[in-house]
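Data first, discussion second: the structure below is written as structure tokens.
Both ligands and their constituent atoms are indexed starting at 1 by order of listing.
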Amino acid sequence: MIKVNLGGCSSFVKDADYKAYVEKALVALDTVENENGEGNDFLGWKHLPSTTEESLIADCEAIRDSWKSKGVDLVVVIGIGGSYLGAKCAIEALSHTFANSLKGAKAAPQVVFAGHNLSEEYICELMDLMKERNCAAVVISKSGTTTEPAVAFRVIKQYLETTYGKAEAAERIVAVTDAKRGALKSLSTQEGYKTFVIEDNVGGRFSVLTPVGILPIVLAGFDMRAMLKGALEMEEACAKRCECNPAVQYAAMRNLLYDNGKAIEILVSFSPKLQYLGEWWKQLYGESEGKDGKGIFPASVSFTTDLHSMGQYIQDGVRMLMETVVNVENSNRSMVIEADEQNLDGLNFLAGKHVEECNAMAQLGTKLAHIDGGVPQIGVSIERIDEFNLGGLFYFFEKACGISGYMLGVNPFNQPGVEAYKKNMFALLGKPGYEAQAEALKERLK
Ligand code: PA5
């Protein structure tokens, strides 16, 4: 169960103000629940935990087993933004940090990502890896027209067809895309690829609990049923019309702090495994709220690492920051610091303590220091890093994002600003239909 702790904000806000913002959050919750706000045709993510069919997971497992029988040891997942970050976050969080360097047989293929950048060096180095391995690919694009994954997929498709033959390549490619529209859909139909559908009513950044996230997470060997169970627990908890609803608490406090000048929210974790939770969360909140000249700017850090780089600014820079700390209550591994007879490093005061106890004290010490420095802190606690708790976190942050966006007065489910760079890029690359814009841009670049 995800718990929100607002104690780190108490010296920054008045209780009566928080109560008023809880009332506003409950009104925004009603808008999400009654589906009568702007963007209400994109609320399909709300009931995914309670409605996802067992057959979807079984289908994903069938692909996993079929590729295993072919000896596949590398799966390239191609996608960007919402078609990439959820799976990347889950797989990074759940995998052994050094999984790919450890010796011994692997239970699941290595999952790597492509199509989330346009770097020539990245794709060439990926091809170097693919040439050494037994490969398959999953290409994910809701629109089926996004340039970055389309470019990567063209290269990877050609490699798979050259290496394994066209028929076998088709067995090693799965597409996740719209049911009817887009180049990826028509290409998949033409080539006979197995295809999973992203429903129209789920936006990219809310799609981690659809096949967009489910297929890569299952292929990487993780327990999607447990993740959906954790999400279901939060689907129930975050639907309650009460102050006890954790999504209401989080949305209320972050909006209150924003209205008090805290325009930047930093998502903090003290486990490097959660680094990509920050990346996923930044897209979720940045794309949902950053519009109409409004919105909290989402940033993320990984402590204690970044205390040695960003710590100075957070402690002492412009006072427009708030922190949301994802607190992991229990470590999945255990390591005790031993006493040393000579004590040359002077660390015997730590003898007998777990490394995680040092981490916990660093976390407490940072909380107090940052509060003293004028940075309020919201706590979001999970019991441990596993599928169940990650599923809960995904759902919690999504629901709170919908509530928070409506509190802010924006449509949290569109992303009109994402198109601007694409139009310029197409014009500069000479895409047919963009000739006039290309001329205008070339003038500006002179
Ligand atoms: O949240 C969003 O809508 C975007 O980040 C998209 O997920 C991203 O642009 C990828 O789009 P698509 O899945 O259509 O390729």
Open item on the list: Closer than 4.0 angstrom, basic N to acidic O: yes or no for E61 and R225?
Closed with: yes
TODO: Without swapping roles, check the side chain of E235 against the backbone of S50 for a donor-acceptor pair under 3.5 Å.
DONE: yes
Could you go through residues 186-198 and list every donor-acceptor pair under 3.5 Å that involves a side-chain atom there, pairing it with any protein atom two or more places apart or in another chain?
from	atom 1	to	atom 2	distance (Å)
S186	OG	G182	O	3.3
S186	OG	A183	O	3.1
S188	OG	L184	O	2.6
T189	OG1	K185	O	2.8
E191	OE1	K166	NZ	3.0
E191	OE2	K157	NZ	2.9
E191	OE2	K166	NZ	3.1
T195	OG1	Y193	O	3.1

Task: Those protein residues which place at least one heavy atom below 4.0 Å from ligand 1 - done: I80, G81, G82, S83, S141, K142, S143, T146, G204, R205, Q283, E287, Q415
TODO: Give the ring-plane orientation class for F396 versus Y250, where under 30° counts as parallel, over 60° as perpendicular and anything between as tilted.
DONE: tilted
Task: K46 with E35: basic N within carboxylate O range, under 4.0 Å - done: yes
- [ ] May I ask you to check whether Y84 and F113 place their ring centres under 6.0 Å from each other?
- [x] yes
